[in-house]
Structure formats: C-alpha cells, structure tokens
Amino acid sequence: MKILVTGGAGFIGSNYIRYVLAKYPDIKVVNLDLLTYAGRMENIRDFIHDSRYKFIKGDIRDRKKVQQVMKEDFDAVINFAAETHVDRSILEADSFITTDVYGTYTLLENAKNCNVEKFVQISTDEVYGSTDKRSFKEIDSLQPSSPYSASKAAGDLIALAFYKTYDLPITVTRSSNNFGPYQHLEKLIPKMIARALQDKRLPVYGDGRQVRDWLYVMDNCEAIDTALWKGKPGEIYNIASGNEYQNIQIVKFILQTLKKPESLISFVPDRPGHDRRYSLDTSKIRNLGWRPEHVLKDALRETVEWYIRNKWWWRSLQADKFFQSDTSWLKRKHL
Ligand code: NAD
Ligand code: TYD
C-alpha cells in the first residue's frame, strides 16, 4: 500500500503519518509539503529516517511538480495541504485562495490523469458556518464566514465535482477543531498554554462564549483512515467528538491544569466575522464504526504536558506575530 500525503509536515498531516506508520507495517508514505511557516521539519523528525517514508519539498500549486510526484503509482492521495489560520486569512487571503482552491484543483487534475484509486480531501466544519441550536449534517448548505472557510468550501466543491464529472473517487472529511502535539502556537490551545507558562496575558476574543467541538488529533487521524478505507466515493463525512465547550471554559481549564491565576485572562475586541458555534452531526462516520477514543479533559491535560516537555519544539515559534500580539493586527486593518 502506497499513499501520497500532502501537507504532511503540518500539525494534522504529521500526526497522520505517525499514525499510519505505526498501524501498517508494509505501508509506503510520500509526503509532499512546501514547508511554509506552518510546515516544519521538527514535526517529522522522529520518522524522517524510516525506510517506508519519503519527503518531497514542493508546492501543490506547481502543476509540473505534482505531475512528476504522481508518476509514482499511489493507492491513495490524502490532501491536508492548506493555509489554515482564520486570523491570517482576514489579514491576507491570497495564499488561501491559491493553495486551498487552486492547489486542490491541481492535485485533482493530476489524480484524474493518473487513475488514483482513492482521494481524500481534508476539510473543516467551518465550511457550514455558524449554528445556534442544531448540528450540521453533510447534506446541509455551505455558508462560510471567513476567507479561510470560503476557500476550503471551494476546494470541497471542486473535489466533489471531480467525482460527479470524472468519476474520481473523492471522499471529503469535515472535522471540528483539532488539538494535540505539534500544533502551531497561532491556534487557541497551544497559544494559551505557551503564554500562560510565561505568565503572559491570554487574549480571549469578544466575550469568549464562542463554542467549538474539540477533537483530539489522533481521534481525527483514525477517523480519516476509516473514511479512506471504508468511506464511499462521492461521500462527505463529518468528524467530531461531541465535546462542545466555550473558549473561555477551555482557557480556564488550561489555567487550572497549569495552576495559574484566571487574572491572566484578558478580553480583547472580537475577530471580524467570528462564528459563534460550530456543531456537527457525526452519525455517518459513526455508522462506519468510528468512535473517538480519547476523553477531552485527559487528552487536553496530556497536551499541556506535551508542550511543557517540548519547549524545544515551540521556542522559535514565539517570534510569530500571531502568538505575540492580541488584536493589534485587528485594530490596524479593521477598526
Ligand atoms: P497546518 O497549517 O498545521 O499545516 C498545513 C501544512 O500544509 C503545512 O505543512 C504547510 O507547509 C503545508 N502547505 C501549505 N501550503 C502548501 C502548498 N501550497 N503546497 C504544499 N504544502 C503546503 O494545518 P493543519 O492544522 O494540520 O490542517 C491540515 C488540514 O486539516 C487542512 O486542510 C485544514 O483545513 C484541515 N483542518 C484543520 C483543523 C484544525 O483544527 N487544525 C480542523 C479541521 C480541518
Ligand atoms: P483558532 O484556534 O484560531 O481556530 P478556529 O478559528 O479555526 O476555530 O480559534 C479557536 C477559537 O478561539 C475561535 O473561536 C477564536 C478563539 N481565539 C481566541 O479567543 N483568542 C486567540 O488568541 C485565538 C488564537 C483564538
């Protein structure tokens, strides 16, 4: 079995490669990654010398490069490669449109010409937009709010069109917010852990009552693998654990775990277009036999401990302006 993983030097992609190398003794994995600010050799250094694994530096928007990589025969392509941070997309959406839309198209076009047997497009719950009460099903319409989620929605729809028009065996997964080891400090949970460890203020957007359904990254990896091998072509699978919490509850839990005071919390002006609540109906992926195995609070505690043990991994990321500032970027552009 040979798979092409794109974006495998990022947070979820690197965890997914770690997961499949441990699960399948005879697997071969090729990782195509541009190594943007989010893709890091530090994420893949524990398996870089594994003989079943090969790294190729390259851009999914580069048609020739993708064509050359796909000359090797792959049983499956799993596309994790994307620009992923909502705040960055608000400031500058260019690379979101080119990578998440055009890059996805480039992969699909080449996969079509190479008769790839399975193609999993990794997407997000954010494509559905916000919901007050109900949980979204896969058939619901897409109402993305940010340039990030809009570009992911476009990528999904192009992928599904390739199934309908060319019979390319596409499966789309839409997961909720992930957390766990190797997540960049720009995202809520690692940012709050790393800042609290240094007694820096924790910037909570708006009233902090926005709800996210937190999913431990290894549970997502297992769900993606389930969708890959058991999912039907042309189908979409929502993935979430059912752990819906307000941001402020997550931040307080991190502070309790670290034995730090709540006085570190600082409410700051809200993100423009901020979705209030994401919620997914996951009965479809559960009907394929998947269940989340991790208990949220235990996994969150282990994640906090991972960041404490692995300061070497995140020390250099502290220079990133999205880790350092709270909303100075917001004031400059929008207020
Ligand atoms: P990430 O930002 O940590 O990693 C993205 C990876 O893609 C990096 O390694 C980067 O170098 C690579 N990349 C970016 N542009 C590229 C290009 N043009 N060519 C080749 N490689 C490129 O992202 P993540 O959090 O691991 O997310 C992975 C996927 O999962 C994304 O598609 C994202 O939309 C989706 N997703 C993420 C979450 C989450 O909570 N993190 C939730 C739902 C869905
Ligand atoms: P984030 O990790 O950026 O993921 P997403 O926007 O894709 O859901 O943010 C998660 C939630 O945390 C979101 O509601 C925004 C909020 N948030 C803050 O309140 N403060 C912060 O510094 C960050 C980065 C996020």
Side-chain angles (χ1 to χ4, degrees), residues 5-16 31-41 43-44 56-62 65-66 69 78-90 95-96 98-100 102-104 106-107 120-127 130 145-146 148-149 151-152 155-156 173-180 182-192 195 201-215 217 220 224 238-240 245-248 250-251 265-268 270-271 273-278 280 322-323 325-327:
V5 171
T6 63
F11 163 50
I12 307 178
S14 64
N15 277 295
Y16 182 71
N31 176 10
L32 173 67
D33 195 298
L34 183 59
L35 297 179
T36 65
Y37 78 95
R40 306 177 69 217
M41 293 310 279
N43 294 359
I44 56 178
I56 300 174
K57 183 168 187 235
D59 192 330
I60 61 164
R61 295 165 293 190
D62 178 345
K65 184 74 181 182
V66 172
V69 171
I78 303 125
N79 179 27
F80 292 91
E83 289 291 338
T84 63
H85 187 36
V86 173
D87 291 343
R88 282 180 210 271
S89 83
I90 293 168
S95 57
F96 289 78
T98 58
T99 288
D100 302 9
Y102 181 74
T104 300
T106 304
L107 289 172
V120 180
Q121 170 65 9
I122 304 296
S123 187
T124 165
D125 59 357
E126 302 194 24
V127 296
S130 197
S145 306
S146 71
Y148 162 63
S149 51
S151 61
K152 289 298 291 182
D156 279 24
T173 66
R174 292 182 181 149
S175 88
S176 61
N177 286 64
N178 283 217
F179 69 98
Y182 303 99
Q183 187 171 32
H184 196 284
L185 296 192
E186 68 191 4
K187 304 280 167 48
L188 179 76
I189 288 178
K191 179 172 172 179
M192 298 300 152
R195 289 185 69 96
R201 287 183 316 115
L202 308 189
V204 172
Y205 299 167
D207 63 4
R209 288 172 188 261
Q210 302 82 4
V211 172
R212 299 290 182 267
D213 185 341
W214 293 97
L215 176 67
V217 64
N220 190 21
I224 291 166
N238 289 343
I239 305 170
Y245 284 95
Q246 295 177 348
N247 294 336
I248 190 69
I250 296 290
V251 172
I265 294 172
S266 161
F267 290 94
V268 299
D270 209 350
R271 169 192 278 174
H274 200 172
D275 284 328
R276 198 68 180 161
R277 173 172 174 260
Y278 296 135
L280 295 177
F322 287 92
F323 173 74
S325 66
D326 36 55
T327 50

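Just so you know, ligand 1 is whichever comes first in the structure, and atom 1 is the first atom listed for that ligand.
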Look only at interatomic distance and state if [X] has a nitrogen or oxygen under 3.5 Å from any nitrogen or oxygen of ligand 2.
| X | result |
| --- | --- |
| Asp87 | no |
| Tyr205 | yes |
| Tyr278 | no |

If you count the atoms of ligand 2 from 1 in the order shown, which ones are under 4.0 Å from a heavy atom of [X]?
| X | value |
| --- | --- |
| Val204 | 19 (O) |
| His274 | 13 (C), 14 (O), 15 (C) |
| Glu126 | 5 (P), 7 (O), 8 (O) |
| Lys187 | 2 (O) |
| Met192 | 20 (N), 21 (C), 22 (O) |
| Glu186 | 24 (C) |
| His85 | 3 (O) |

Can you check salt bridge (Lys or Arg N to Asp or Glu O under 4.0 Å) on Asp59 and Lys65, steps first, answer last?
-> CA-CA 7 Å; Asp59 192 330; Lys65 184 74 181 182; over 6 Å; no
Name the option, out of Lys191, Arg212, Gln210, that contains the heavy atom nearest to atom 22 (O) of ligand 2.
-> Lys191
Options Asn247, Val251, Leu202, ranked by nearest heavy atom to atom 12 (O) of ligand 2, top entry = Asn247
Hey, does the side chain of Lys191 reach the backbone of Leu202 with a donor-acceptor pair shorter than 3.5 angstrom?
-> no
Test item: Ser89 side-chain N/O and Tyr148 main-chain N/O as donor-acceptor pair under 3.5 Å |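 It does hold such a pair.
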Validate the cation-pi geometry between Arg40 and Tyr182: distance from NZ or CZ to the six-membered ring centre under 6.0 Å, angle to the ring axis within 45°.
-> no
Give a yes or no on whether a salt bridge exists between Asp207 and Arg276, defined as a side-chain N under 4.0 angstrom from a carboxylate O.
->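 A salt bridge is present here (some side-chain N lies under 4.0 Å from a carboxylate O).
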Salt bridge present between Arg277 and Asp213 (N-O < 4.0 angstrom) = no
Below 4.0 Å from any atom of ligand 1, which residues have a heavy atom? Give them in chain and number order, please.
->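 Under the 4.0 Å cut-off, ligand 1 touches Gly7, Ala9, Gly10, Phe11, Ile12, Asp33, Leu34, Leu35, Thr36, Ala38, Gly39, Gly58, Asp59, Ile60, Arg61, Phe80, Ala81, Ala82, Thr84, Thr99, Ile122, Ser123, Thr124, Tyr148, Lys152, Ser175, Ser176, Asn177, Asn178.
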Would you say the ring centroid of His184 lies under 6.0 angstrom from that of Phe323?
->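 No: the rings miss the under 6.0 Å criterion.
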Considering residues at least two apart in sequence or located in another chain, which fulfil the side-chain contact (heavy atoms from CB on, under 4.5 Å) criterion with Ala82?
-> Thr84, Asp100, Lys152
